[in-house]
Amino acid sequence: MKKGMMATLIFILMFALVGCGSSTEKTATTEKKITVVTDAAFAPFEYMDKGEIVGFDVDLLKAVMKEAGLAYELKNIGWDPLFAAIQGKTADMAVSGITINDDRKQTYDFSIPYFESTHMILVKEGSSIKSAKDLQGKVVGVQNGTTGQEAVEKILGKENQNIKKFENTVVAIMDLLNGGVEAVVTDNAVANEYVKNNPDAKIVAFEDPEHFESEFYGFMFPKGSELKQKVDEALKKVIENGTYTEIYKKWFGTEPNIESLQQ
Ligand code: ARG
């Protein structure tokens, strides 16, 4: 191809691109996709299945965003990066079984609650650990930066070197299987899901209501986000119109206790 022709072609191409950009600008801003981030290693809330992010949270997000009429993209970026992304506003929203608590509320905004949770202790079958008190003197695994870590710190002390912090809950449970830790403390639905799906792993899960309080999950936003109100309204509708119950039954096989969310 001759140089002159090439230059003309490039010129035309640039012109087309610039023209295209300006004509779609309006629709592009009104239909801007919302970036939602997650840590997809927390079944049944969010996990990877054949290259796709699936789970209770993923279905609920889909229903809520449909109700709100919002286009979005869900990205699996991991737990610690998720908080950084919301704080730095490189993401608009996080959905990840995130517990609403006073500490986080200072830095982030949360939706209305959508799930009630508590903590459970996972141990190998036949373990001498039968209650939260028995965790004393034992090496205990938690996912770093979770309310599970906080719960264990309350029992063992904040600086306790026996608390082993993992990047995600899957690797914490793997370490339990390998004997690196003697117990893992995580959210009850996640603990139950692991036991149910891995009958051969010989892992058992139990609660300790005396030491573990009930907490609630919410969608998380940067502080002052305008999205919160839209998402709250849509989430309310999805809870009221039965869609929430359908999704809940699909993942947990039982009826949800909607009143506990509305208290
Ligand atoms: N609910 C706990 C918390 O907010 C654990 C959530 C972990 N979620 C996850 N996708 N890894 O601290």
Side-chain angles (χ1 to χ4, degrees), residues 28-115 117 119 141-151 153 164-173 186-187 189-190 215-235 238 247 251:
T29 42
T30 46
E31 283 172 19
K32 189 186 162 291
K33 267 197 188 172
I34 289 160
T35 303
V36 187
V37 288
T38 192
D39 168 33
F42 206 60
F45 295 101
E46 46 270 323
Y47 60 100
M48 298 306 296
D49 186 30
K50 300 181 197 90
E52 257 183 82
I53 312 172
V54 298
F56 173 84
D57 280 354
V58 180
D59 285 355
L60 184 62
L61 172 72
K62 192 173 172 189
V64 167
M65 297 309 250
K66 191 178 165 201
E67 180 65 48
L70 296 169
Y72 69 97
E73 188 185 2
L74 181 60
K75 288 186 185 164
N76 179 23
I77 65 167
W79 182 248
D80 291 334
L82 159 173
F83 287 92
I86 298 296
Q87 196 173 1
K89 298 191 181 168
T90 55
D92 307 297
M93 178 171 170
V95 178
S96 213
I98 307 170
T99 301
I100 306 167
N101 65 22
D102 289 341
D103 197 29
R104 289 175 183 160
K105 273 201 231 162
Q106 297 190 358
T107 316
Y108 311 97
D109 277 348
F110 285 92
S111 70
I112 55 168
Y114 70 83
F115 193 89
S117 174
H119 288 105
V142 294
Q143 181 179 3
N144 187 51
T146 58
T147 51
Q149 176 184 332
E150 270 171 39
E153 283 175 350
K164 218 169 152 183
K165 297 159 200 151
F166 295 88
E167 185 187 348
N168 66 53
T169 301
V170 171
V171 289
I173 297 175
T186 187
D187 297 25
V190 173
E215 47 185 53
F216 292 91
Y217 296 169
F219 299 137
M220 194 171 81
F221 310 94
K223 248 220 155 6
S225 164
E226 285 166 13
L227 252 187
K228 176 185 153 57
Q229 204 195 332
K230 282 186 201 164
V231 168
D232 274 349
E233 275 167 25
L235 179 54
V238 163
I247 297 170
W251 288 98

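Heavy-atom neighbours of Glu167 CD from other residues, nucleotides or ligands within 6.0 Å: at or below the threshold of 12. Within a 6.0 Å sphere centred on NZ of Lys89, other residues, nucleotides and ligands contribute 12 heavy atoms or fewer.
Proximity of the aromatic rings of Phe110 and Phe216 is defined here by a centroid distance below 6.0 angstrom, and this criterion is not met.
Among all heavy-atom pairs drawn from Ala40 and Ile53, the shortest one is CB-CG2, 3.8 Å. In terms of heavy-atom proximity, Gly224 sits nearest to Asp109 at N-OD2, 2.8 Å. Considering every non-hydrogen atom in both Pro222 and Ala91, the closest pair reads CG-O, 3.8 Å. In terms of heavy atoms, Tyr47 sits closest to Pro44 at CE2-CA, 4.0 Å. Shown here for Arg104 and Gly145, the closest heavy-atom pair between the two residues is NH2-O, 3.2 Å. In terms of heavy-atom proximity, Val36 sits nearest to Leu61 at CG1-CD2, 4.0 Å.
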Legend entry - Verdict with supporting geometry, Thr99 and Thr146, side chain to side chain contact (heavy atoms under 4.5 Å, CB included): CA-CA 8 Å; Thr99 301; Thr146 58; over 6 Å; no
Inset, instruction - For the pair Tyr114 and Asp57, evaluate side-chain hydrogen bond (donor to acceptor under 3.5 Å, both in side chains) and give the outcome as yes or no after the intermediate values. - result: CA-CA 9 Å; Tyr114 70 83; Asp57 280 354; 2.9 Å; yes
Inset, instruction - Show your working on side chain to side chain contact (heavy atoms under 4.5 Å, CB included) between Phe42 and Trp79 and close with a plain yes or no. - result: CA-CA 10 Å; Phe42 206 60; Trp79 182 248; over 6 Å; no
Legend entry - Criterion side chain to side chain contact (heavy atoms under 4.5 Å, CB included) on Asn101 and Glu215, from CA distance to verdict: CA-CA 8 Å; Asn101 65 22; Glu215 47 185 53; over 6 Å; no
Legend entry - CA sep, side-chain torsions, deciding dist, call: Thr38, Val58, side chain to side chain contact (heavy atoms under 4.5 Å, CB included): CA-CA 9 Å; Thr38 192; Val58 180; over 6 Å; no
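The distance from the CD atom of Glu153 to the OG1 atom of Thr147 is 11.0 Å, given to the nearest 0.5 Å. Leu82 CG to Lys75 NZ: the interatomic distance, rounded to the nearest 0.5 Å, is 12.5 Å. Atoms CD1 and CG, on Ile34 and Leu70 in that order, are 4.0 Å from each other to the nearest 0.5 Å. Within the model, atoms OH of Tyr217 and CD1 of Ile100 stand 11.0 Å from one another, a figure rounded to the nearest 0.5 Å. Atom CE of Met220 sits about 4.5 Å away from atom CD1 of Ile98, to the nearest 0.5 Å.
For the pair Leu227/Phe219, no side-chain contact is recorded, criterion being any heavy-atom separation below 4.5 Å from C-beta on. Looking at Phe221 and Ser111, their side chains come closer than 4.5 Å, going by heavy atoms from C-beta outward. A heavy-atom distance below 4.5 Å is not found between the side chains of Gln229 and Asp232.
Under the 3.5 Å distance criterion, with hydrogens and angles disregarded, a donor-acceptor pair is assigned to the side chains of Asp80 and Asn144.
Judged as a side chain to side chain donor-acceptor pair (under 3.5 Å), and not counting sequence neighbours, Thr35 has no contacts. In this structure Glu52 satisfies the side chain to side chain donor-acceptor pair (under 3.5 Å) test with no other residue, sequence neighbours excluded. For the side chain to side chain donor-acceptor pair (under 3.5 Å) test, no residue two or more places apart in sequence or in another chain qualifies with Lys230.
Although no hydrogens or angles enter the test, the distance criterion places no donor-acceptor pair under 3.5 Å between the side chain of Lys228 and the main chain of Lys223.
Just one of Met93, Lys62, Lys32, Lys33 meets the side chain to side chain contact (heavy atoms under 4.5 Å, CB included) condition when paired with Tyr72; it is Lys62. Remark: of the listed residues Asp187, Asn168, Thr169, Thr169 is the sole one forming a side chain to side chain donor-acceptor pair (under 3.5 Å) with Gln143.
Between Phe56 and Phe45, the angle of the ring planes goes over 60°, which puts this pair in the perpendicular group of the 30/60° scheme.
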